[in-house]
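For the numbers below, each heavy atom of this structure counts, side chains included, while hydrogens, waters and symmetry mates do not.
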Amino acid sequence: EPQVVVSSGTIGAGGSLSQSLGRAGVRPLEASQVELTIKPFVNPHMSKAKDRYEIARSTTGQFVQLTYWPNSFEFVTVARSASGLMTARAAKLPLTETLVGVGGQIQGSLWEAMITQETPPEMIYRYAEIFGWRIDFLTEPRKGDLYKIVWKRHTGNGAIKDGDIICALYQGKETGEVYAYRLAKDYYDAAGNSLRGEFLRAPIAYRRISSRFSEHRFHPILRYYRPHHGIDYSAARGTPAVSIGEGVVIAKGYESGLGNAVRVRHAGSYVSIYGHLQGFAKGIREGGHIRQGQVVGFVGSTGLSTGPHLHFGFERAGQLINFLSLKMKSNRKTVPLPERAHFEELKKQAQGLFAQLKALGGPLQPLDAIMK
């Protein structure tokens, strides 16, 4: 009687599902059938190095079953039926949902404060994105500013998956007190106004400004003083730069001193400029529409540049202006009237969650209440 042989492992760097099937002894024709069957659930050509698999085949070499884990919480099974047909089904592990939170005071930067509390980097990014229309975390944080954040966490199979931010707070000397409450996949402040604005406060996050808008700045390469009508954001090479607002790409290419640059036209005769890019993001083309927060390119040092940084310029009616002095407009979206009572209840629950974050500067804390 044929026996079943099971082999398991991970795809590995530079590997593919096809290669893994081949190493397990699955015949090429059957491997192609497996890939075709699993494709509606998982793209076999987009496998990641850490993706896990378990392959069963008979000692006669016939494929029996594949279990493929694209992440720790979901898996797809491809099996051969008695008639010889291959079928696939997807399933999820049962997860436990809890709330966790962290709060603290800034001594250097938001990133430094949160990362020392073992806050996942992804949650720091999300926190900054939520407040990205109201707060520029490059220029406005001050020592002693207060922050709090509460989010959903799912656990199972020995792994952790962080979900939506439920509520957040930033209280700063420059920014004042800004709340974020989640309602219907959007975030609103304490007055019920959407946190989304016309422009993001910065095109890049968690870096420092190396040179500000100036009428008299010494150029490090040309070696003389001249106006610097833009903002330089110092960042590592390859750091993504995003469009501050929705618009249309009006220029993409090499522009003398700016090097590789992208220009985006926004409503109200505004144009944003992104220079010294190492390269352009996929899908960026002249005449193409671009979303707010969409990556336009990656930080480099092309053109007249002494090191990797993003040169950001901003025009109004063809005149370069200081973006940091621009007063941001809200999109004026407010909590819908039928949701007002629900929103007020969310605010009360959030205050209860914030109150549980007593040890500011401490590690992540599990919280009791669950907000619906």
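- Remark: the Ser58 side chain and the Thr60 side chain contain an N/O donor-acceptor pair separated by less than 3.5 Å.
- For an aromatic pair to be called close, the ring centres must be under 6.0 Å apart, and Phe312 with Tyr274 satisfies this.
- The two residues Thr10 and Arg52 come nearest to each other via the heavy atoms CG2-CG, 3.9 Å.
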>> Let's go through Trp111 and Phe137 carefully: what are the C-alpha distance in whole Å and the side-chain angles of both, what is the deciding distance for side-chain contact (heavy atoms from CB on, under 4.5 Å) to 0.1 Å, and is it a yes or a no?
In response: CA-CA 9 Å; Trp111 176 270; Phe137 286 106; over 6 Å; no
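- Taking the six-membered ring for Trp and thresholds of 30 and 60 degrees, Tyr270 and Phe314 have nearly parallel ring planes, at less than 30 degrees apart.
- Between Val6 and Ala56, the closest heavy-atom pair is CG2-CB, 4.1 Å.
- If you run side chain to side chain donor-acceptor pair (under 3.5 Å) between Arg153 and each of Thr96, Asp162, Thr98, only Asp162 comes through.
- Geometrically, Lys252 engages Phe280 in a cation-pi contact, judged by NZ or CZ lying under 6.0 Å from the ring centre and within 45° of the ring axis.
- One finds no salt bridge joining Glu30 and Arg57 here, because no Lys/Arg side-chain nitrogen approaches an Asp/Glu carboxylate oxygen to under 4.0 Å.
- In the displayed structure, Arg340 atom CZ is contacted under 6.0 Å by more than 12 heavy atoms of other residues, nucleotides or ligands.
- The ring of Phe73 has its center no closer than 6.0 angstrom to the ring center of His154.
- Using the six-membered ring where Trp is involved, Phe199 and Phe323 have ring planes that are perpendicular, over 60° apart on the 30 and 60° scheme.
- No side-chain N or O of His45 forms a donor-acceptor pair with one of Glu35 less than 3.5 Å apart.
- Looking at Glu344 and Lys348, no side-chain N of the basic residue comes within less than 4.0 Å of a carboxylate O on the acidic one, giving no salt bridge.
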